[in-house]
Amino acid sequence: MSVNSKRVFYVKYLANPIYIDILKARSDVRLDRIENESPEDFYAPILNAAHVYQIGAARDELAPHFHVDAAFLKRTPNLLLVSSNGAGFDPVDVEACTDAGVLVVNQSGGNAHSVAEHALAMMLTLSKRIIQSDRKLRREANVNRNELVGNEVEHKTVGIIGLGNVGRRIAALCKGLLGMTVLAYDPYLSAEVMAERGGEKVELDELLRRADFVSISCPLDKKSRNMISTREFALMQPHAYFITTARGFIHDEDALLQALRDKRIAGAGLDVWSKEPPPPEHPLLQFDNVLASPHTAGVTIEARQNMGRIAAEQVLDTLDGKRPPRIINPEVWPRYAERFKQAFGVTPG
């Protein structure tokens with residue numbers, strides 16, 4: 001294979017510089033960087049020649065014309081692989097990629113420990129009313145601690161929606177550290193698999209009714225969009241907390257706002273938003289019983305390094321003709337394999 005014959009590009013950022021270091025070691029791979037503001041005469045030739053697009057997972061950090069949709073794919077005739085920096089792939093139209101014979105992969109599991117720890121931290125902070133205590137001390141003199149009585153998390157019930165890489169780690173932390181009862185809703189897993197991952201399989205309504213904490217860790221897709229709305233918040237117990245470290249749009253922000261105003265639930269921990277980051281005047285940020293972060297659950301030094309490494313390794317393995325382990329659209333494989341052979345003369349598998 002000739003020098004720089006395999007073309008990879010990214011826009012604005014990577015999970016970690018280790019990605020560059022790993023690809024640099026390969027003389028047959030060329031890595032190009034594009035900025036959101038790059039002029040078309042600069043980026044058009046890169047798109048036209050590219051085999052791999054290493055794409056950011058955060059939709060609002062990427063200029064709309066670099067989101068992968070049918071129009072974008074017309075400008076990338078040689079594209080074989082779209083690789084998300086993270087577990088999510090919000091800026092990617094997977095159906096359009098499948099129609100075009102383009103494989104989509106993510107880095108699922110790479111930041112699972114960090115996200116699970118963040119979810120647990122939110123549960124503890126909310127239950128112990130640490131955020132309210134902190135704010136009162138900053139605003140008032142002679143704070144009465146008896147007005148800030150919280151609850152222990154030990155032996156409470158957590159309901160986890162989505163028992164994949166993140167959900168199973170939340171389950172392990174909650175059960176192992178705190179002896180919590182773990183309920184889980186995941187229509188794609190059997191009761192046996194869910195038991196192995198630490199959760200009791202229940203339907204969504206039962207989970208919402210029984211849980212002291214409801215934690216979202218499922219992907220955003222057509223079925224999960226607005227899955228938690230007015231009806232679902234009404235099923236939760238008044239003392240229960242809603243936690244999400246998954247994706248915005250899985251929960252209905254307006255419905256959550258109304259549930260908090262009506263005191264139907266005790267509070268919320270929100271790491272994901274319909275617009276990221278949310279503006280300071282966002283109505284959900286005005287509640288002292290809402291703990292907020294700007295989609296940073298998976299943003300740790302360790303997770304970023306891990307994500308960068310597995311992304312680079314998966315891209316190189318794919319370019320070498322191997323079947324990658326984290327395929328989002330496996331149904332595209334036969335057509336993708338034909339296109340790969342046309343590009344590099346070998347059949348992947």
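Since the model is a prediction, treat every value here as computed from it, not as a measurement. The analysis underlying the following values was restricted to heavy atoms, covering all of them including side chains, and did not include hydrogens, waters or symmetry mates.
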Legend entry - salt bridge (charged side-chain N to carboxylate O under 4.0 Å, His left out) contacts in which one or both residues fall within residues 49-77, not counting sequence neighbours: Arg59-Asp90
Inset, instruction - Using a 4.5 Å cut-off on heavy atoms from C-beta on, say whether the side chain of Leu120 contacts that of Leu178. - result: yes
Inset, instruction - Examine the side chains of Asp262 and Gln258 and answer whether a donor and an acceptor come within less than 3.5 Å of each other. - result: yes
Inset, instruction - Answer whether the closest heavy-atom distance between the side chains of Val68 and Leu73 falls below 4.5 Å. - result: yes
Inset, instruction - Mind listing the closest non-hydrogen atom pair of Gln314 and Asn106 along with its distance? - result: NE2-O, 3.0 Å
Legend entry - Salt bridge Lys322-Asp320, side-chain N to carboxylate O under 4.0 Å: no
Legend entry - Gap separating the CE atom of Met194 from the CD1 atom of Ile160, nearest 0.5 angstrom: 9.0 Å
Inset, instruction - Tell me, please, which residues at least two apart from Glu35 pass salt bridge (Lys or Arg N to Asp or Glu O under 4.0 Å). - result: Arg33
Inset, instruction - Answer yes or no: are there more than 12 heavy-atom neighbours, outside Gln286 itself, under 6.0 Å from its atom CD? - result: yes
Inset, instruction - Would you kindly say whether Ser293 and Asp271 are connected by a side-chain donor-acceptor distance under 3.5 Å? - result: yes
Legend entry - Check: Trp333 and Pro348 side chains under 4.5 Å, non-hydrogen atoms: yes
Inset, instruction - Provide the full list of side-chain hydrogen bond (donor to acceptor under 3.5 Å, both in side chains) pairs with a residue in residues 38-53, sequence neighbours left out, each pair given once. - result: none
Inset, instruction - Applying side-chain contact (heavy atoms from CB on, under 4.5 Å), name anything that partners His113, two or more places apart in sequence or on another chain. - result: Arg169
Inset, instruction - Answer yes if Leu316 and Phe340 sit in the same cluster of Ile, Leu, Val, Met, Phe, Trp and Tyr residues linked by side chain heavy atoms under 4.5 Å apart, and no otherwise. - result: yes
Legend entry - Linked, directly or transitively: Leu220 and Leu256 (ILVMFWY side chains, under 4.5 Å): yes
Inset, instruction - Could you check if a side-chain atom of Phe344 sits within less than 4.5 angstrom of a side-chain atom of Leu319, using non-hydrogen atoms only? - result: yes
Inset, instruction - Treating Ile, Leu, Val, Met, Phe, Trp and Tyr as nodes and any side-chain heavy-atom pair under 4.5 angstrom as an edge, say whether Ile18 and Val315 lie in one connected cluster. - result: yes
Legend entry - same_hphob_cluster(Phe249, Val92) at 4.5 Å side-chain heavy-atom cutoff: no
Legend entry - Close side-chain approach of Glu313 to Pro325, heavy-atom, < 4.5 Å: no
Inset, instruction - State, to 0.1 Å, how close Val166 and Ala112 come at their nearest heavy-atom pair, and which atoms those are. - result: CG2-CA, 3.9 Å
Inset, instruction - Side-chain contact test, heavy atoms from C-beta onward, threshold under 4.5 Å: evaluate it for His251 versus Ile216 and give yes or no. - result: no
Legend entry - Distance (rounded to the nearest 0.5 Å) between Ser108 OG and Ile310 CD1: 7.0 Å
Legend entry - Side chains of Asn85 and Gln107, donor plus acceptor under 3.5 Å: no
Inset, instruction - Measure across Ala266 and Asn289 and return the closest heavy-atom pair with its distance rounded to 0.1 Å. - result: O-ND2, 2.8 Å
Legend entry - Side-chain hydrophobic cluster, 4.5 Å single linkage: members besides Val143: Leu137, Leu148
Legend entry - Step-by-step salt bridge (Lys or Arg N to Asp or Glu O under 4.0 Å) determination, Asp288 to Arg129: CA-CA 9 Å; Asp288 279 354; Arg129 301 188 69 189; over 6 Å; no
Legend entry - Connected via hydrophobic side-chain network under 4.5 Å: Val8 and Val102: no
Inset, instruction - For atom CD of Glu140, decide whether the heavy atoms of other residues, nucleotides or ligands shown that lie under 6.0 angstrom number more than 12. - result: yes
Inset, instruction - Apply salt bridge (Lys or Arg N to Asp or Glu O under 4.0 Å) to Asp221 and list each qualifying residue two or more places apart in sequence or on a separate chain. - result: none
Legend entry - Shortest non-hydrogen contact from Gly162 toward Ser217: O-OG, 2.6 Å
Legend entry - Lys128 atom NZ: more than 12 heavy-atom contacts under 6.0 Å: no
Legend entry - Interatomic spacing from CE in Met122 to OG1 in Thr245 - rounded to 0.5 Å: 8.0 Å
Inset, instruction - Evaluate the side-chain proximity of Lys156 to Met123: yes if any heavy-atom separation is below 4.5 Å, no if none is. - result: no
Legend entry - Min side-chain heavy-atom separation Ser224-Arg247 under 4.5 Å: no
